[in-house]
Amino acid sequence: MAKRIPKWMGRVRVPGISNQAATDDLSGLQLLALLATSRKWVHRRVTALRLDAEGTTRQSTSVDITVPEDMAIPASSKNRVVVPLGMLVKGAKQRLDAKHDGKGVAVLGRVDNSRLAIKMLHDAARNLPRLSSANEPDDGTVFAAVVESDAADSSTKVDAYEDWKASSLDSRNFTESHKRRLLLLDMLVARLAKNYLFLVELDADLVGTRTTLKYSLDEDLPELEDRGPQQIRFKLSIPDYGFAASQHVEFEVPKGLCIQSIDFVAFDRKLLAIQSSGHSVTSPTRTAHEVLAPKSVFHTADAWVAAAPARQGVFSFSKWAAVITTFIVLATIPVRIWNNEVLRPEALIPSPAASIILVTPALLLSWMSKEPEHELVARLLAPLRGILLASGGILLTMAVLAAVPVSPWIWWGSWFIIYGATAWMAIHASIVFSSYKKVVGPDYSSSIEGRLK
C-alpha cells in the first residue's frame with residue numbers, strides 16, 4: 001500500500017531540479033533538498049571537542065534548526081520525521097547519543113541510513129540525459145558501493161562512479177539545470193564515500209518550529225603533530241563544515257595543559273584551500289571558542305589547535321625543582337672540599353634529619369600521575385616529569401648517603417653519579433624551558449597560503 005504523503009509535502013524544491021509532484025515516496029528528493037539548502041534551515045551549530053583527563057576524546061554538537069514543512073521526510077515510526085544533522089566520518093562510533101530537551105532521540109541504523117542515502121543519489125541522477133549503451137552499469141549498484149564503502153576503498157568507489165558517468169551520461173545534451181544537478185551529485189558522492197549521513201527521527205509536531213538538538217560521541221585520538229618538546233598540535237576535521245549558516249567550534253584540554261593558538265583552513269569540493277585564519281590565544285586557558293562563517297554547504301574544514309603545558313602546576317614546580325636541586329648539589333662541593341672548616345669533626349646527621357630530607361623526593365614523585373590520562377597529556381608532560389624524576393632521584397641518593405654508612409668506594413661513586421645526573425638534568429631543563437614559548441602567528445594556515453585561490 002502506498003504511503004500517504006501530507007498535503008504540505010506535495011512539491012519538493014531542489015536547486016537544479018524541477019519541482020516534482022508528490023508520489024508514494026519522495027524521501028530521496030526531500031533528503032536531497034534538505035542537504036542542498038541546509039544553510040537556510042540549520043541556523044547555528046556548535047561543535048565541541050573535549051580531551052578528557054581520563055584519556056577519552058569526546059565530541060559534542062548542538063544544532064539549532066527549523067525543519068521546513070515542504071521538505072520533511074516521514075519516518076517509519078508514527079508521527080515522526082527523519083532529519084539530517086550533518087555527516088560523521090565513517091568508522092565505529094562509541095557512546096553515540098542524541099537528545100532533544102534532555103530526552104533521547106532515535107538515530108537511524110546503518111541499513112535505513114544507507115537505503116535513504118542511496119535513494120537520494122538515485123533520485124538526483126534520475127532525469128540526467130543518458131547514452132544508449134548495452135554495457136551501462138546499474139545506478140543503484142554504483143551508488144550503493146559509494147555509500148557502503150569504507151575508508152580503505154572509498155577512492156576506488158569514487159573512481160567507479162566517474163567511470164559510470166563517462167559510460168552512462170550524455171553530457172552533450174546537458175542543459176544548465178543538468179550541469180547544476182550533476183555538480184550537486186558529484187559533491188554528494190565525494191562526501192558520502194568517506195562519511196555517513198547522520199540521520200535522526202524527530203517528532204512531527206516540531207516541524208516548522210525552531211528546535212535545538214544535541215548529540216555526542218567518543219572519537220579516536222585526533223591527529224597529533226609534535227612541535228618540539230613543549231607543544232603539540234591536534235586536528236579537528238569538520239567534513240560538513242558548510243552545513244550550518246553559522247558554525248562555532250569549541251575546544252577543551254585536560255588540566256595541566258593550555259591552548260596557545262588555533263589555525264583554521266576551509267576546503268572547496270576539490271579539496272583546495274579557499275579560506276584560512278589563525279591567531280594566538282591572548283591568555284592561554286584550557287578552553288577556546290571560535291565563530292566561523294562557511295561560504296558553501298559543501299565545504300569542509302580542518303582546525304589545528306596548539307596545546308602546551310600550563311605555566312601553573314607541573315611546569316612551574318619542575319622548573320623550581322630543577323633550580324633548587326642544582327643549587328643543593330652545587331652547595332655540597334665546597335662542603336666536601338673544606339669539610340674540616342665547615343663541619344665539626346664529631347658532626348653526624350641524625351636519622352630524623354634524614355627522614356626530613358626524604359620528604360622532598362617523596363613530594364616530587366607525587367607529581368608523577370598514576371591514573372589513566374589522555375595521551376596528549378602524557379606526551380606533553382613527559383619532559384617535565386623527566387626533570388621531576390631526576391630531581392627526586394638525586395635528592396633520594398643524597399638522603400641515603402646521609403643516613404646509611406657506606407664504604408668509601410660506594411661513597412665516592414655515588415657522588416660521581418650525583419654530579420653527572422645533576423649536570424644532565426640542568427642541561428635538559430634549560431633546553432626544555434627555553435623551548436617553551438607562545439606561538440606568535442598562524443602556522444598551518446601560512447604554510448598553505450600559496451594554495452589559496
Side-chain angles (χ1 to χ4, degrees), residues 27 30-31 34-35 38-69 71-117 195-220 222 236-254 286-292 294 303 374:
S27 57
Q30 288 160 342
L31 179 58
L34 286 172
L35 294 178
S38 64
R39 289 163 56 83
K40 295 183 179 180
W41 60 273
V42 182
H43 314 296
R44 181 176 181 266
R45 183 173 65 172
V46 181
T47 302
L49 188 69
R50 178 181 179 183
L51 310 182
D52 292 332
E54 294 78 12
T56 59
T57 301
R58 188 77 173 167
Q59 179 174 320
S60 303
T61 303
S62 173
V63 190
D64 189 8
I65 63 175
T66 303
V67 180
E69 292 187 352
M71 299 181 191
I73 306 171
S76 57
S77 304
K78 186 178 180 180
N79 297 325
R80 303 183 75 83
V81 295
V82 175
V83 181
L85 296 184
M87 293 187 177
L88 299 176
V89 177
K90 288 184 176 179
K93 303 302 176 187
Q94 300 180 6
R95 294 201 301 159
L96 171 62
D97 63 77
K99 294 183 179 180
H100 170 250
D101 285 345
K103 299 180 181 179
V105 173
V107 178
L108 261 65
R110 180 168 184 171
V111 175
D112 293 334
N113 191 307
S114 298
R115 177 189 59 79
L116 197 51
N195 307 282
Y196 293 122
L197 274 177
F198 183 52
L199 304 173
V200 300
E201 291 187 359
L202 192 63
D203 289 340
D205 294 338
L206 296 176
V207 172
T209 303
R210 189 152 181 163
T211 307
T212 300
L213 297 174
K214 298 179 180 180
Y215 63 92
S216 57
L217 69 155
D218 284 351
E219 293 281 9
D220 294 332
L236 169 65
S237 294
I238 311 176
D240 53 354
Y241 163 63
F243 188 69
S246 176
Q247 173 70 58
H248 298 238
V249 291
E250 296 178 352
F251 302 96
E252 181 179 346
V253 295
R286 289 180 55 207
T287 60
H289 182 101
E290 286 291 311
V291 181
L292 308 172
H374 201 281

Set out, in order, the CA-CA distance, both residues' side-chain angles and the distance that settles side chain to side chain contact (heavy atoms under 4.5 Å, CB included) for L199 and D112, then state yes or no.
CA-CA 9 Å; L199 304 173; D112 293 334; over 6 Å; no
Should D97 and R95 count as an ion pair when the cut-off is N to O under 4.0 Å?
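Salt bridge between D97 and R95, a charged N being under 4.0 Å from a carboxylate O: no.
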Decide, yes or no, whether a salt bridge links D203 with R80 under the criterion of side-chain N to carboxylate O below 4.0 Å.
yes
Do T47 and Q59 pair up side chain to side chain, a donor and an acceptor below 3.5 Å, judged on atom types alone?
no
Could you tell me whether the side chains of S216 and R58 share a donor-acceptor contact shorter than 3.5 Å?
yes
Considering non-hydrogen atoms only, spot the tightest contact between [X] and [Y] and give its length.
X    : Y    : value
P239 : V89  : CG-CG2, 4.2 Å
P254 : L51  : CG-O, 3.0 Å
F198 : L96  : CE1-CD2, 3.9 Å
P294 : A244 : CG-O, 3.6 Å
W41  : L34  : NE1-O, 2.9 Å
F243 : P84  : CZ-O, 3.4 Å

Kindly say whether [Y] contributes a backbone atom to a donor-acceptor pair with the side chain of [X] at under 3.5 angstrom?
X    : Y    : answer
S77  : A75  : no
D64  : H43  : no
R45  : G86  : no
R286 : V253 : yes

Quick check for you: to the nearest 0.5 Å, what is the distance between [X] atom [atom1] and [Y] atom [atom2]?
X    : Y    : atom1 : atom2 : value
M71  : L35  : CE    : CG    : 10.5 Å
L88  : N195 : CG    : CG    : 8.0 Å
L197 : M87  : CG    : CE    : 4.5 Å
H289 : H248 : NE2   : NE2   : 5.0 Å
L85  : T61  : CG    : OG1   : 9.0 Å
S60  : K99  : OG    : NZ    : 10.5 Å

Going by side chain to side chain contact (heavy atoms under 4.5 Å, CB included), V83 matches just one of V105, I65, L108. Which one?
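Of the listed options, the one satisfying the test is I65.
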Go through L206 and V67 one step at a time and tell me if the side chain to side chain contact (heavy atoms under 4.5 Å, CB included) criterion holds.
CA-CA 8 Å; L206 296 176; V67 180; over 6 Å; no
Can you tell me if NZ on K93 sees more than 12 non-hydrogen neighbours from other groups inside 6.0 Å?
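Atom NZ in K93 is crowded, with more than 12 foreign heavy atoms closer than 6.0 Å.
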Is it true that atom NZ of K90 has more than 12 heavy atoms of other residues, nucleotides or ligands lying nearer than 6.0 Å?
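Yes, the 6.0 Å shell around NZ holds more than 12 heavy atoms from other groups.
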Would you mind reporting whether L236 and P222 have side-chain heavy atoms less than 4.5 Å apart?
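P222 does not reach L236 side chain to side chain.
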